[in-house]
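Structure record follows, encoded as structure tokens.
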Amino acid sequence: MRIGIVCYPTYGGSGALATDLGTHLAARGHCVHIISYEMPFRLTRGMGDRVFFHEVPMTDYPVMTHPYYSLNLAVKIGQVTEEADLDILHVHYAVPHAVSAHLAQEMLAPRSLPIVTTLHGTDITLVGTAPAYQPIVRFSIDQSDAVTAVSHWLRDQTIEHFAPQREIRVIHNFIDTERFQPRRADGEARRRLARDDERIVMHISNFRPVKRLVDVMEIFVRIARQMPSRLILIGDGPDREVAATVARCNGIADRVVFLGKQSEIESLLPLADLFLFPSDHESFGLAPAEAMACEVPVVASDSGGLPEVIDHRETGFLAPVGAVEEMAEMALRVLGDADLAQRMGRAARRAIHGRFSPEMILPHYLDLYREIITAAGRVFEEKCEVSSH
Ligand code: GMT
């Protein structure tokens, strides 16, 4: 098959998942054409010979004071479809990718281009439901040939807020458990982050209000009062300064390390003794799932799709949104009990491997592709010839 994948290149779960999906499909013999306005952050480490990257050019003209990314994207999708003879297009994050895909589909007619839209979370819960977007998001969902959501919770949210006519199929995210492995041995890498006697607490996100970074800080303040520990914050975003202020006001600024945006998180996550993720809501939680694959215990909020990923007390701890005291107690419990941490970490990796490995999840996407390619009157091919793209 020749598959087009549209995604955001920026640090975040939807771009990470879309890129990983592309590289795994390519490893299975399909040709994958990734379309984005920059090289996606997870693609920069090597593309493989069946992965092609197509950059969406941005137009800069003084009259056009607002960028028209959606239009440039629609045109690029059309060009790639014709040049690479795409069998299918899979767009990640509805806004505006599903709209651009539909535009491209119309421009390409009568040539068919089946479209799969994967809803990731904030494209529905925050951006998509805003009055400025809601009608067009609903329209683009209904125009897609198939729509998937990364959790049951997100599917239910989509139905509640958009009442779509199109069926929403749940295909959970997958985690590459080969890439995300437990720590092999303590050593230099760990010492670059913390002293030997300190416990490492980690959080990764885009530091947006939905991640409740202040809760991360409040939980850590309580941990730091009880044991030598260090908080490693990976990512960047609007709440970075307020987090730094909370650290300063509580006298723990020297215990908090801002690492900024990192693309090789598989080498950092295994160094953690605990991963914190107290989000307001979260459709899936790819970052905590990757931590779990590294056998790192997670303390998270019980909101959104997180309970579909984390089993309370078995593979992590869940508490109500904003319950920082409770989360701090859970964190202290697991940080202070090596047996519990090991048991929980191992159970977490087993659960991720058993439910969300590429081997479990990819067949669902391939079945869906087969269904809609066949319905469009095209032939589903198990592989593609590289020479013909
Ligand atoms: O978390 C974000 O704000 C980024 C966003 C994205 O599109 O990259 O993440 C969403 O998609 C991820 C991949 O499917 C999910 O793991 C995240 O839970 C989801 N974020 C939210 O729902 C807030």
Side-chain angles (χ1 to χ4, degrees), residues 1-12 14-23 25-26 30-44 46-120 123 127-128 133 136-137 139-141 143-148 365 369 372-373 376 378 384 386-389:
M1 244 187 314
R2 289 166 295 267
I3 307 158
I5 290 184
V6 174
C7 66
Y8 281 110
T10 42
Y11 290 82
S14 63
L17 189 278
T19 310
D20 287 352
L21 178 61
T23 47
L25 289 168
H30 301 288
C31 289
V32 175
H33 293 263
I34 296 191
I35 305 171
S36 192
Y37 63 82
E38 263 170 27
M39 179 76 91
F41 74 101
R42 277 211 179 162
L43 205 55
T44 47
M47 305 215 304
D49 58 4
R50 287 172 188 270
V51 182
F52 304 83
F53 171 61
H54 305 268
E55 185 172 327
V56 181
M58 300 302 285
T59 309
D60 183 14
Y61 189 70
V63 175
M64 296 156 65
T65 46
H66 296 80
Y68 299 119
Y69 166 60
S70 342
L71 302 184
N72 297 49
L73 176 60
V75 171
K76 188 49 123 182
I77 292 170
Q79 286 167 350
V80 175
T81 303
E82 286 179 330
E83 282 164 25
D85 193 19
L86 296 184
D87 295 307
I88 191 164
L89 182 76
H90 188 168
V91 301
H92 293 261
Y93 209 87
V95 187
H97 298 161
V99 180
S100 304
H102 175 62
L103 257 181
Q105 198 179 42
E106 291 285 301
M107 287 191 296
L108 288 161
R111 187 208 190 280
S112 67
L113 177 65
I115 292 169
V116 179
T117 297
T118 288
L119 309 172
H120 277 276
D123 47 351
V127 184
Y133 285 129
I136 201 156
V137 173
F139 172 77
S140 65
I141 288 173
Q143 294 306 313
S144 301
D145 295 279
V147 181
T148 75
Y365 279 122
Y369 293 170
I372 67 168
I373 285 177
R378 295 181 72 89
C384 92
V386 180
S387 54
S388 66
H389 284 194

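Note: hydrogens, waters and symmetry copies are ignored here, and every other heavy atom, side chains too, is used. Note that the structure is a prediction, hence the values are computed from the model and not measured.
Under the rule for a side-chain hydrogen bond (donor to acceptor under 3.5 Å, both in side chains), the partners of Thr117 that lie at least two apart in sequence or sit in another chain are Ser144. His120 meets the ring-ring contact (aromatic ring centres under 6.0 Å, His included) test with His92; sequence neighbours excluded. With sequence neighbours excluded, the residues satisfying side-chain hydrogen bond (donor to acceptor under 3.5 Å, both in side chains) with Asp145 are Gln105. Partners of Ser140 under the side chain to side chain contact (heavy atoms under 4.5 Å, CB included) rule, at least two apart in sequence or in another chain, are Ala98, Val99. Considering only residues two or more places apart in sequence or on other chains, Leu103 meets the side chain to side chain contact (heavy atoms under 4.5 Å, CB included) condition with Leu71, Ala74. Partners of Asp123 according to the salt bridge (charged side-chain N to carboxylate O under 4.0 Å, His left out) rule, which considers only residues two or more places apart in sequence or in another chain, do not exist here. Residues passing the side-chain hydrogen bond (donor to acceptor under 3.5 Å, both in side chains) test with Tyr37: none are found, sequence neighbours excluded. Every side-chain hydrogen bond (donor to acceptor under 3.5 Å, both in side chains) that Thr148 has, sequence neighbours left out, goes to Thr118.
When ring centroids are compared, His33 and Phe53 stay outside the 6.0 Å threshold.
The distance from the NE2 atom of His54 to the CD atom of Glu83 is 7.5 Å, given to the nearest 0.5 Å.
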Between side-chain atoms of residues 5-12 and protein atoms elsewhere (two or more places apart, or another chain), which donor-acceptor pairs fall under 3.5 Å?
unit_1, atom_1, unit_2, atom_2, d
Tyr8, OH, Val95, O, 2.8

Return all side-chain donor-acceptor pairs below 3.5 angstrom for residues 56-70, not counting sequence neighbours, or 'none' if the list is empty.
unit_1, atom_1, unit_2, atom_2, d
Thr59, OG1, Asn72, ND2, 2.8
Tyr69, OH, His97, NE2, 2.8

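Applying the salt bridge (Lys or Arg N to Asp or Glu O under 4.0 Å) test to every pair with at least one member in residues 88-114, sequence neighbours left out, gives these pairs: Asp85-Arg111. Applying the salt bridge (Lys or Arg N to Asp or Glu O under 4.0 Å) definition to pairs two or more places apart or across chains, none involves residues 63-76.
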Could you go step by step and tell me if Val116 and Val91 meet the side chain to side chain contact (heavy atoms under 4.5 Å, CB included) rule? CA-CA 6 Å; Val116 179; Val91 301; over 6 Å; no

Val137 vs Val127, test: side chain to side chain contact (heavy atoms under 4.5 Å, CB included). Steps then yes/no. CA-CA 9 Å; Val137 173; Val127 184; over 6 Å; no

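Nearest heavy-atom pair across Leu113 and Ile88 is CD1-C, 4.0 Å.
No donor-acceptor distance shorter than 3.5 angstrom exists from the side chain of Arg378 to the backbone of Pro114, with no hydrogens or angles considered. A donor-acceptor contact shorter than 3.5 Å links the side chain of His30 to the backbone of Met1.
His90 and Tyr369 form a side-chain donor-acceptor contact under 3.5 Å, judged by distance and modelled atom types alone.
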